[in-house]
Amino acid sequence: MTEPGWWILHVDMDQFIAAVEIRRRPELRGLPVVVGGSGDPQQARQVVATASYEAREYGVRSGMPLRTAYRKLPDAVYLPSDPATYEAASAEVMDTLRTFPVIVEVWGWDECFVGARTDDPERLAADLRAAVLAATGLTCSIGIGDNKTRAKLATGFAKPGPSQRAGDGGTYRLTAANWAEVMDHRPVRDLWGIGARMSQNLEELGLRTVADLAAADLETLQQRFGPRMGTWYLALGRGLGDTEVTDVPREPVSRSHEMTYPEDLSDPAEIQAKVRAMAVALTDEVVADDRWIQRVHVKVRFTSFYTPIKSRKLPAPTQDPEVVADAALTVLAKFEFRRPVRLLGVRAEFAPPPD
DNA sequence: ATTAGACGCGCCGGGTTT
DNA sequence: CAGGAAACCCGGCGCGTC
């Protein structure tokens, strides 16, 4: 499957967002830090982006409502999210990794796959970690694997546990050699790509552990989840996965804006005005990026949390904000407004580049 | 020529994960 | 009480072609 000496490393920054905030305010080191929303933990409809390890010990998790975090931990330091700063810090990290003779495939702000030819992947991982720390002051954990699935999962085992207070990660190797031993007894939920929903579905088929999934019947899986996903899940149970690492960034296929409003919206004219403004702003960004819009999606979340999405293909690709806004309003008219609205979103799908 | 069915494809709504 | 962004997959439906 892979040539000998070719390894895949998964680099994952430790508590990335919190670490970046602590880096610029060193007096916060050692304190529970919670980053998210506007930074006001009493304001409704905001969630935790990242909590420092100290805050996690009190049960604060990313995705949790900020007000829930505040109830658990009123004494934590609450900071607003500052995406531009995280973006810049991320670039510092990736640039540092690129100084090595490796291929770096970026996977979001705080993680990437590194493809490398080496006889000593642990040594390489240690060198990468040291270089990142020296250049950026940030620590990371590194998973070593014979494919992306295993490398990504290995990172989880490399992460600092509750026992290691310092928050400094390590490395861990997961390959065909120890896959079964390490993973067999674990719930399928631990696999990368199986969330709460799929885990439930698999449970209904009597598949609870990774070993169960690895030994499952392909036809059964395909019948229930479709030809592609069925095949994919079985492979996942066996720890199989992609071995290609590429440094060619993927062309984005779409761009979107969505917003949960502090107060519910009920006035149709106001809802339309918000969607129109969002569509215009989105189009401006897309045009600045020199892309053309082919399809427009509108997302509405009602107070019941019911969140349908509807869309419309444009007669021809466009860069005209008014055309996009009109399309968005046409799509908006397809919704039935029985309850107030808490979120509105617009997504622009790009036409393939003329190239 | 008409009909039934197979097939591919685009459109669209919905689901799931990270 | 429940953010924002992006990707991928599936299935139903309608349409045109063979």
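Keep in mind that the numbers below use all heavy atoms, side chains included, and drop hydrogens, waters and symmetry copies. The chains referred to below are lettered A, B, ... by the order of the sequence lines, with proteins before strands, and numbering in each begins at 1. None of the values given here were measured: they were computed from a predicted structure.
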Atom pair distance, as rounded to whole Å: CD in E111(A) and P in dT18(B): 11 Å
Cation-pi geometry met for R150(A) and W179(A) (6.0 Å, 45°): yes
Integer-rounded Å distance: dA7(C) P and W192(A) CH2: 15 Å
Touch class at under 4.0 angstrom, heavy-atom based, for K299(A) against every strand present: nothing
Distance below 4.0 Å between R301(A) side-chain N/O and dG3(C) OP1 or OP2: yes
Nearest-angstrom distance from the residue atom CH2 of W109(A) to C1' of dA6(C): 13 Å
Sugar-phosphate, base or nothing in reach of V48(A), heavy atoms under 4.0 Å: nothing
Touch class at under 4.0 angstrom, heavy-atom based, for R250(A) against every strand present: sugar-phosphate
Rounded interatomic separation in angstrom, taking NZ from K313(A) and P from dG13(B): 14 Å
Residue R67(A), side-chain heavy atoms: nucleotide from dC1(C), dC12(B), dT16(B) that is nearest: dC1(C)
Residue pair T283(A) / Q319(A), side-chain donor-acceptor N/O under 3.5 Å: no
Side-chain donor-acceptor pair present, R342(A), T260(A), cut-off under 3.5 Å: no
Touch class at under 4.0 angstrom, heavy-atom based, for L66(A) against every strand present: nothing
Nearest-nucleotide pick for R255(A), side chain only, options being dG3(C), dG13(B), dA6(C): dA6(C)
Cation-aromatic face contact K152(A)/F113(A), 6.0 Å, 45 degrees: no
Given dC11(B), dG3(C), dA7(C), the nucleotide with the shortest approach to the side chain of V253(A): dA7(C)
Residue whose closest nucleotide on DNA chain C lies nearer the 5' end, F305(A) versus G226(A): F305(A)
Closest to the N201(A) side chain, choosing from dT18(B), dA7(C), dT16(B): dT16(B)
Candidates dT17(B), dC9(C), dA2(C) - which lies nearest the side chain of M229(A): dC9(C)
Rounded interatomic separation in angstrom, taking NE2 from H297(A) and P from dC11(B): 11 Å
Donor-acceptor pair (no angle test) under 3.5 Å: R347(A) side chain, dA6(C) base: yes
Aromatic F337(A) / basic R339(A) pairing, under 6.0 angstrom, 45° off normal: no
K310(A) side chain, from C-beta outward: closest of dG3(C), dG14(B), dA5(C): dG14(B)
Distance in angstrom units between D289(A) CG and dA6(C) P, rounded: 10 Å
Proximal nucleotide (of dA7(C), dC11(B), dG13(B)) relative to the S254(A) side chain: dA7(C)
Nucleotide nearest P227(A) when distance is taken to its side chain, options dT18(B), dC1(C), dC10(C): dC10(C)
Sugar-phosphate, base or nothing in reach of W107(A), heavy atoms under 4.0 Å: nothing
Sugar-phosphate, base or nothing in reach of R224(A), heavy atoms under 4.0 Å: nothing
Sugar-phosphate only, base, or nothing, as touched by M64(A) at under 4.0 Å among non-hydrogen atoms: nothing
Neighbour count above 12 (heavy atom, 6.0 Å) for Q43(A) CD: yes
Sugar-phosphate only, base, or nothing, as touched by T260(A) at under 4.0 Å among non-hydrogen atoms: sugar-phosphate
Whole-Å gap separating P (dA6(C)) and CD (E87(A)): 11 Å
Closest to side chain of L343(A), choosing from dC11(B), dT16(B), dG4(C): dG4(C)
Closest nucleotide among dC10(C), dG4(C), dG3(C) to the R228(A) side chain: dC10(C)
Touch class at under 4.0 angstrom, heavy-atom based, for A49(A) against every strand present: nothing
Phosphate-side-chain proximity, H257(A) and dG4(C), N/O vs OP1/OP2 below 4.0 Å: no
Under 4.0 angstrom between S256(A) side-chain N/O and dA6(C) OP1 or OP2: yes
Rounded distance (Å) that lies between atom C1' of dA2(C) and atom OH of Y70(A): 20 Å
Flag for T139(A)-D14(A): side-chain donor and acceptor within less than 3.5 Å: yes
